[in-house]
Protein chains: 2
Amino acid sequence: MNVRTLCLSILYDSEASGYDIRRMCTEGNFAYFVEASYGSIYPALAKLEDDGLVASRTELQEGKPARKVYSITDAGRSAFAAELSEPLGEDMFRSPFLLFARFAHILPRDLVEQRCNEFLQRSQDGLKQLDGAPDEHNCTPADMWVINYGRAVLQVAEQHFRTHMHELITMARAEPQKDAAE
Amino acid sequence: MNVRTLCLSILYDSEASGYDIRRMCTEGNFAYFVEASYGSIYPALAKLEDDGLVASRTELQEGKPARKVYSITDAGRSAFAAELSEPLGEDMFRSPFLLFARFAHILPRDLVEQRCNEFLQRSQDGLKQLDGAPDEHNCTPADMWVINYGRAVLQVAEQHFRTHMHELITMARAEPQKDAAE
DNA sequence: ACTTGCATGTAAGTGGTTACATGATTGG
DNA sequence: CCAATCATGTAACCACTTACATGCAAGT
């Protein structure tokens with residue numbers, strides 16, 4: 001999923017500026033799929049306009065910089081549909097935490113405990129993000145389907161982790177004698 | 001998780017050639033975290049050797065090309081542990097399929113059905129890969145912990161998908177009249 | 001006075017993939 | 001005879017990130 005496709009997917013339902021797109025894919029429920037930086041979004045939008053897949057209009061605002069609002073064209077819609085019709089790339093999951101976990105036994109216990117707590121926190125935050133916001137009025141049924149799938153998966157992930165994290169902590173190296181020689 | 005760290009993590013428990021590493025991270029239970037190509041593995045190993053974090057020895061074989069077997073050094077072990085002790089990057093999940101699913105309503109039904117079946121198949125394959133192979137004798141407890149976590153998550157993912165995929169299919173655009181006028 | 005938010009964009013750098021180059025052996 | 005497996009490596013290319021450049025307004 002390149003940034004180009006990400007932009008088309010967001011513009012499919014509503015117009016937006018580069019800035020909007022960035023926010024949607026870092027905060028909104030698009031964070032799911034991709035996260036893109038300004039450095040990739042702005043050039044992608046410019047190229048999409050060159051190719052005639054999106055059109056732009058500059059919106060002046062009082063007290064704020066002008067926004068360049070992009071909207072998808074008919075050509076853009078069919079290009080996007082065509083792209084989705086091609087064979088899909090494989091889903092992928094990259095977990096620095098799980099690599100860390102595999103080596104719990106060579107790491108100090110307090111570090112493992114700390115990282116576990118951080119991970120639990122992030123799991124809970126992710127879940128909360130999916131629980132908040134989305135409702136029938138601002139989401140299509142397909143959107144809801146995706147959100148529910150995500151929710152189901154994140155829920156067990158969080159639950160499993162919560163009930164098994166202590167095992168991971170006990171595997172960790174016992175504290176390397178802190179200077180608590182009281 | 002860059003390829004450099006991937007190599008160190010694999011070499012931590014046993015020596016291996018670049019070729020071995022490639023196989024382990026595409027087939028083995030390392031596929032979990034990263035997937036790397038030869039074009040990144042070989043240069044990474046060379047650089048690790050330059051830095052003194054791994055050592056190599058050339059193993060001649062009859063009827064097969066020579067293998068360059070790498071093993072981790074003490075410096076490598078501590079460098080790896082140091083890397084794991086730094087703040088972890090965020091886990092991430094990229095799903096071309098979920099993007100596809102969000103747009104089920106604009107896509108032809110038979111395509112959606114096909115992609116759903118493919119996705120189900122891949123889910124089941126992924127699960128089978130985790131169920132096979134790993135046992136106490138070739139895995140550390142931490143390895144088993146990670147595998148069990150993955151198993152728990154993949155299991156509900158597959159189960160949820162299997163019971164809800166038909167909803168997604170019914171959202172898809174009705175067939176654009178095939179020439180089956182029998 | 002300073003930071004934060006809004007807003008757009010570029011240039012340099014990074015971390016990878018794809019394709020290529022090479023070559024021997026085994027199995028269909 | 002051709003394809004696949006084993007095995008190492010390089011070069012060209014790509015997508016994306018980071019950091020930079022700019023600037024104004026509102027809140028602290």
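In this text, all values refer to a predicted model and were calculated from it rather than measured experimentally. Within every chain, numbering begins at 1; the chains are lettered A, B, ... in the order of the sequence lines, protein sequences first and strands thereafter.
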Contact under 4.0 Å: [X] side-chain N or O vs [N] OP1/OP2:
X	N	value
Tyr19(B)	dC6(D)	yes
Ser17(B)	dA7(D)	no
Ser40(B)	dT17(C)	yes

Ignoring the backbone of [X], work out which of [options] is nearest its side chain.
X	options	value
Asn2(B)	dG16(C), dA7(C), dT5(D)	dG16(C)
Gln61(A)	dA7(C), dT17(D), dT8(D)	dA7(C)
Val3(B)	dT8(D), dT17(D), dG16(C)	dG16(C)
Pro65(A)	dT8(D), dT10(D), dA7(C)	dA7(C)
Ser37(A)	dG9(C), dT18(D), dG16(C)	dT18(D)
Lys64(B)	dA7(D), dC6(C), dG9(D)	dA7(D)
Tyr42(B)	dA7(C), dA7(D), dG9(C)	dA7(D)

Run the salt bridge (Lys or Arg N to Asp or Glu O under 4.0 Å) test on Glu158(B) and Arg162(B) for me, step by step, so that the C-alpha distance in whole Å, both residues' side-chain angles and the decisive distance to 0.1 Å come before the verdict.
CA-CA 6 Å; Glu158(B) 194 252 8; Arg162(B) 208 160 7 84; 2.9 Å; yes
Which residue, Ala66(A) or Gly39(A), contacts DNA chain C at a nucleotide closer to its 5' end, judged by nearest heavy atom?
Ala66(A)
Strictly distance-based, threshold 3.5 Å: is any side-chain N or O of Arg173(A) a donor or acceptor partner for the main-chain N or O of Ile106(A)?
yes
Do side-chain atoms of Ser123(B) reach the backbone of Phe119(B) as a donor and acceptor pair under 3.5 angstrom?
yes
Atom [atom1] of [X] and atom [atom2] of [N]: how far apart are they, to the nearest Å?
X	N	atom1	atom2	result
Arg23(B)	dC6(D)	CZ	C1'	9 Å
Arg57(B)	dA7(D)	CZ	P	13 Å
Tyr38(A)	dT10(C)	OH	P	15 Å
Leu48(B)	dG15(C)	CG	P	13 Å
Arg22(B)	dT18(C)	CZ	C1'	11 Å
Leu60(B)	dC6(D)	CG	C1'	14 Å
Arg67(B)	dG23(C)	CZ	P	22 Å
Leu45(A)	dA7(C)	CG	P	14 Å

Could you tell me if Arg67(A) sits above the aromatic ring of Tyr19(A), with its cationic atom closer than 6.0 Å to the ring centre and no more than 45 degrees from the axis?
no
Can you confirm whether the side chains of Asp125(A) and Gln121(A) place a donor and an acceptor under 3.5 Å from each other?
yes
Give Ala46(A) one of three labels, base, sugar-phosphate or nothing, depending on what nucleic acid heavy atoms sit under 4.0 Å from its own.
nothing
